[in-house]
Amino acid sequence: MEKNIALVLYYNKQTRFSFNALVGALETDEYFDNLPIYFISRENELISGLGTIINKHEEVIVGISFCTPQLWETYRLIRDLREKYKNKPLFITGGPHPTGDPIGTLRMGFDVVIRGEGEETLIELLKKIDNNETYSTVKGIAFLDDEGEYCYTGRRPPIDLDRYPPFAVKHNRFGYIEITRGCPYFCYFCQTPYLFGGQIRHRSIEVICKYVQIMKNRNLTFLRFIAPSAFSYGSLDGKKLNISRLERLLSDVSEIFDSGKVFLGSFPSEVRPKHVTEETIDLVLKYAHNDNLIIGAQSGSQRVLDLCHRGHTVEDVYNSVELTLKKGLNANVDFVFGLPEENEEDIELTIKVMSDLVKMEARIHAHTFMPLPSTPFKNAPAGKIDKNIRKMIKKLISKDIIYGNWREQEKVAEKIATYFKTGKL
């Protein structure tokens, strides 16, 4: 059946994997077999080319996803689109920032915010629009009514990952395979549990292998997994490891993907220090192809780790790095500078831990704290890099043992904090 609508996606580098999953969800419903979907990756192409698409279809829905550091570029984009096209397209959005700051996002110029998981919400929303029905009954969305009042239809229950593919096969849009969703730790600076919930959910091995086989059939050669904590696959609570389940996943996947390379515990998913054990590293060495692990330390101060609700100790960090290096893998260790309530003693402790880890031949992956919506640290001051941390960074840069976007994040953090304080972009 021909559709009255067309879907336009702002398909940029930061959002393409999320959109792959959402389009994959649409592909599971034959209702959308003839839905025209436009993937536009450049801002200028979206602004200049949207008119041609509008002229071809009765109604056009433009989907834009973004995280908080992209707030200002997204604001400029939706402003320019609104100025040029007025109310012709329906602008919908989702992702970390819209979920955490729906009212601010709607006031930027969006018509609908999809909060939290988008697979089932998008399917129902598009059907309502296509059939000229009100979407006010669709669970999981927020909008402003005719009087400008904020309306939220309520949280949608967590989805069963096995019902939906990790990417869009029919549209040939492949990427990482999400194996786990949700996180039980609720770290105070992280949006993940507030976006997807604290109950951990896994895509089954059978379903994962189904899509691995498809990737192999398409001659794809790199397979990476997405998970809040890579070694937690199969765990009932996300904390206690399920080694047998994790090994079965890797064994079955490796048997199928025998001509390609499998990566686990490196980009794009890190591992928790407590989950780095003899058993988990041996599985990486046996089945995966990465030469490193990314370990989430975040601070060298136990007081700060406890304030952040991290659920691990400084000693766990040392042990995980020592074991990783002993086993012959490189250790890249995440640290976040300028965390809330950090004092001089905490900073000195972090410098000491980083110095110790560097002497052990680990590399530092550096970040600056940014206050993010929906997290307990939303209203905390912007992260600033202490002068002593800067001195250490300078030394580490000269030795090429630190990397990351800490400079840009420090600037963005100040803008975010100002936005939450004033409400102005």
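All residue numbers refer to positions in the sequence shown, counting from 1. Heavy-atom basis, side chains included; hydrogens, waters and symmetry copies ignored.
The pair D316-R272 does not meet the salt-bridge criterion, since no charged nitrogen lies less than 4.0 angstrom from a carboxylate oxygen. Checked for salt-bridge contact, R163 and E120 meet the test: a charged N lies under 4.0 Å from a carboxylate O. The pair K170-E27 does not count as a salt bridge, with every side-chain nitrogen at least 4.0 angstrom from each carboxylate oxygen. Salt bridge status for R390 with E410: present, with a side-chain N to carboxylate O gap under 4.0 Å. The pair E414-K384 meets the salt-bridge criterion, with a side-chain N (NZ, NE, NH1 or NH2) lying under 4.0 Å from an Asp/Glu carboxylate O. Between K216 and D258 a salt bridge is recorded (basic side-chain N to carboxylate O distance below 4.0 Å).
Using a 4.5 Å heavy-atom cutoff, the side chains of D237 and I200 are not in contact. S232 is not listed as a side-chain neighbour of K239, based on a closest heavy-atom distance of 4.5 Å or more. A heavy-atom distance below 4.5 Å is found between the side chains of T68 and Q191. Residues L77 and L46 have side chains in contact (heavy-atom distance under 4.5 Å, counting atoms from C-beta outward). Taking 4.5 Å as the limit, every side-chain heavy atom of V253 sits out of range of all side-chain heavy atoms of Y287. Within the 4.5 Å cutoff, the side chain of F231 has heavy atoms near those of the L241 side chain. In this structure, C209 and Y211 have side chains that are not in contact, with every pair of non-hydrogen atoms separated by 4.5 Å or more. H57 is listed as a side-chain neighbour of Y38, based on a closest heavy-atom distance under 4.5 Å.
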Criterion salt bridge (charged side-chain N to carboxylate O under 4.0 Å, His left out) on D111 and R82, from CA distance to verdict: CA-CA 11 Å; D111 296 295; R82 281 293 192 194; 2.8 Å; yes

Using the side chain to side chain contact (heavy atoms under 4.5 Å, CB included) rule, take I53 and I40 through it: C-alpha gap first, then chi angles, then the decisive distance, then the call. CA-CA 11 Å; I53 299 172; I40 300 179; 4.0 Å; yes

Would you check, one step at a time, whether the test side-chain hydrogen bond (donor to acceptor under 3.5 Å, both in side chains) holds for Y31 with D130? CA-CA 10 Å; Y31 183 92; D130 189 48; 2.6 Å; yes

Please report the C-alpha distance between M108 and L425 in whole Å, then the side-chain angles of each, then the deciding distance to 0.1 Å, and finally whether the side chain to side chain contact (heavy atoms under 4.5 Å, CB included) criterion is met. CA-CA 9 Å; M108 287 167 59; L425 289 167; 3.9 Å; yes

Go through it in stages, so that I can follow the logic: the residues are R248 and E255, the test is salt bridge (charged side-chain N to carboxylate O under 4.0 Å, His left out), and I'd like the CA-CA distance, side-chain angles, deciding distance and then a yes or no. CA-CA 11 Å; R248 189 188 153 197; E255 185 175 348; over 6 Å; no

Run the side-chain hydrogen bond (donor to acceptor under 3.5 Å, both in side chains) test on N172 and R218 for me, step by step, so that the C-alpha distance in whole Å, both residues' side-chain angles and the decisive distance to 0.1 Å come before the verdict. CA-CA 9 Å; N172 200 34; R218 298 291 180 94; 3.0 Å; yes

Using the rule given for salt bridge (charged side-chain N to carboxylate O under 4.0 Å, His left out), can you reason through E117 versus R181, listing the C-alpha separation, both sets of side-chain angles and the distance that settles it, and then say yes or no? CA-CA 10 Å; E117 298 177 319; R181 188 177 287 184; 3.0 Å; yes

Under the salt bridge (charged side-chain N to carboxylate O under 4.0 Å, His left out) criterion, do K127 and D29 qualify, and how do the steps go? CA-CA 11 Å; K127 284 182 179 179; D29 192 326; 2.7 Å; yes

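If you check the side chains of N292 and R363, you find no donor sitting under 3.5 Å from an acceptor. At a cut-off of 3.5 Å, with distance as the only test, no side-chain donor of H275 or T280 sits close to an acceptor on the other residue. The closest side-chain donor-acceptor pair between N20 and Y176, if any, does not fall under 3.5 angstrom. Counting only N and O atoms by type, the side chains of Y419 and D101 include a donor and acceptor under 3.5 Å apart. S235 and N242 form no side-chain donor-acceptor contact under 3.5 Å, judged by distance and modelled atom types alone. N55 and T52 are not linked by any side-chain donor-acceptor pair at a separation below 3.5 angstrom, with hydrogens and angles left out of the test. A donor atom on one side chain and an acceptor atom on the other are found under 3.5 Å apart for T134 and S136.
With rounding to the nearest 0.5 Å, the separation of CD1 in I397 from CE in M392 is 11.5 Å. Of the inter-residue distances, the one linking R224 atom CZ with N290 atom CG reads 7.5 Å to the nearest 0.5 angstrom. With rounding to the nearest 0.5 angstrom, the OG atom of S204 is 10.0 Å from the CG atom of L249. Atom CD1 of I208 and atom CG of D252 lie 10.0 Å apart (nearest 0.5 Å). How far NZ of K395 is from OG of S398: 9.0 Å, rounded to the nearest 0.5 Å. Distance CD1/I37 to CG/L26: 5.5 Å, rounded to 0.5 Å.
For H365 and Y403, the distance between ring centers is under 6.0 angstrom. Ring centroid separation for the pair Y135 and F143 comes in under the 6.0 Å cut-off. For Y185 and H312, the ring centers are positioned 6.0 Å apart or more. In summary, the aromatic rings of Y188 and F377 are positioned with their centroids under 6.0 Å apart. Ring to ring, Y10 and F66 are not that close: their centroids are 6.0 angstrom or more apart. Not less than 6.0 angstrom separates the ring centroid of F337 from the ring centroid of H367.
Between P228 and T192, the shortest heavy-atom distance links the atoms CG-CG2, 4.2 Å.
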